[in-house]
Amino acid sequence: MQIVSGRPGREVIHYRAPESERVPEEMARFIEWFNISNQADGIVRAAIAHLWFETIHPFEDGNGRVGRAIMDMAIAQDAKSEMRLYSMSRQFQENRAAYYAALNEAQKGDLDITSWLVWFATQFSEACMKSEMLIDRALEKARFWSVLSEHAFNERQRKTLHKLLDAGDGGFLGGLTAEKYCKITGVSKATATRDLTELLLKKALVVHGIGKATKYYVNVPGWKHGSE
């Protein structure tokens, strides 16, 4: 098996897997190591397991998916939990070029895979931080709706509030204006003004500026809306 890119006749071979007759022996060695190494550091074990499996490359297709599943299994075994609050697969996908470069370097070098382990651990840390941000965002949304649970909102208002919450702190560029509300909901200026006034009275929004400079922001404690 080979990992190849480029046009026919100008192919570039990035990696050549072991010959097919060696695969059973290599896989037996890998599985034996995996089964006896569960006391090792979980992240290091996951990084080695993924690299090792991808290096053997035993299948014609699906090696990446299986390799990521093995990686996730190693981390889950270390955490002693089937629940995953992060996504290494998404992290690899978002850093695809860097992933292939790090993997290629580790496969072509000697047995010193320190650089691969450092890169893998960094990606794991970033994946966890992204998940933490998503969890924090979800909790902020839940608290927002809980505080306002006694109020009723029409469909237009809910749509706009969801859009503001999804954008995050300062993510809704320039703040919300009556004109933007019209575009989001498809209503007239008069209806937009009435809806926005209701949202202010219910403390779902806060307002900055006056006249043409009036901007509305979702009322989430701690959000600076780009002011700092």
Side-chain angles (χ1 to χ4, degrees), residues 1-20 22-23 26-27 29-31 33-34 37-38 40-79 81-138 141 163 165-173:
M1 291 297 298
Q2 296 177 345
I3 299 178
V4 181
S5 68
R7 298 178 180 178
R10 295 185 178 181
E11 298 92 346
V12 177
I13 300 176
H14 299 282
Y15 177 70
R16 188 191 302 273
E19 299 297 329
S20 57
R22 287 181 50 196
V23 169
E26 295 293 344
M27 282 300 298
R29 185 177 298 141
F30 165 70
I31 293 171
W33 169 83
F34 190 83
S37 62
N38 55 9
D41 179 89
I43 306 304
V44 171
R45 179 170 175 254
I48 294 174
H50 184 74
L51 172 62
W52 194 340
F53 179 83
E54 296 302 326
T55 301
I56 298 173
H57 216 74
F59 306 121
E60 291 188 12
D61 189 28
N63 292 285
R65 290 189 294 274
V66 176
R68 291 190 294 271
I70 292 171
M71 167 188 70
D72 288 339
M73 179 179 178
I75 297 174
Q77 287 176 337
D78 180 66
S81 172
E82 296 179 359
M83 182 179 297
R84 281 191 299 123
L85 300 177
Y86 60 89
S87 175
M88 283 293 282
S89 293
R90 183 182 297 115
Q91 185 67 24
F92 284 176
Q93 183 65 30
E94 292 175 356
N95 298 274
R96 190 176 182 133
Y99 164 69
Y100 283 123
L103 193 65
N104 196 324
E105 180 183 355
Q107 289 172 329
K108 286 187 174 180
D110 53 26
L111 294 179
D112 184 353
I113 58 170
T114 304
S115 294
W116 164 255
L117 296 177
V118 171
W119 185 87
F120 187 96
T122 300
Q123 298 307 305
F124 179 77
S125 176
E126 290 185 8
C128 290
M129 286 189 288
K130 288 177 182 177
S131 292
E132 183 179 7
M133 290 175 60
L134 289 174
I135 293 170
D136 287 344
R137 181 78 60 81
K141 290 180 182 179
K163 187 174 286 290
L165 289 168
D166 288 342
D169 186 8
F172 198 85
L173 188 62

Contacts of type ring pair (Phe, Tyr, Trp, His ring centres under 6.0 Å), residue Phe124, not counting sequence neighbours: Tyr86
In the structure I gave you, are the side-chain heavy atoms of Trp116 and His50 within less than 4.5 Å of one another anywhere? yes
Are any of the side-chain heavy atoms of Trp33 and Ile48 separated by less than 4.5 Å? yes
Just how far is it from atom CD1 of Ile31 to atom CH2 of Trp52, taken to the nearest 0.5 Å? 10.5 Å
Looking at every heavy atom in both Pro58 and Val23, which two are closest together, and how far apart are they? CB-CG1, 3.8 Å
So, for Ile56 and Phe30, which heavy atoms are closest and what is the spacing to 0.1 Å? CD1-CB, 3.9 Å
Tell me, please, which residues at least two apart from Asp166 pass side chain to side chain donor-acceptor pair (under 3.5 Å). Lys141
Are side-chain heavy atoms of Phe34 and Ile70 found at a separation under 4.5 Å? yes
Where do Asn63 and Glu54 come nearest, in terms of heavy atoms and distance? O-OE2, 2.7 Å
Check whether any side-chain heavy atom of Tyr99 lies under 4.5 Å from a side-chain heavy atom of Phe120, and answer yes or no. no
Do you know which two heavy atoms are closest between Ser131 and Ser87, and how far apart they sit? OG-N, 4.2 Å
Of all residues at least two apart in sequence or in a different chain, which pass the side chain to side chain donor-acceptor pair (under 3.5 Å) check with Lys130? Gln91, Glu94
Side chain to side chain contact (heavy atoms under 4.5 Å, CB included) partners of Ser115, counting only residues at least two apart: Glu105
Just how far is it from atom CD1 of Ile75 to atom CD1 of Ile43, taken to the nearest 0.5 Å? 4.5 Å
Could you tell me which residues satisfy side chain to side chain donor-acceptor pair (under 3.5 Å) with Arg22, sequence neighbours excluded, listed by chain and number? Glu26
Who passes side chain to side chain donor-acceptor pair (under 3.5 Å) against Gln77, sequence neighbours left out? Arg45
Does any non-hydrogen side-chain atom of Met71 lie less than 4.5 Å from one of Phe53? no
Just how far is it from atom CD of Glu132 to atom CZ of Arg137, taken to the nearest 0.5 Å? 13.0 Å
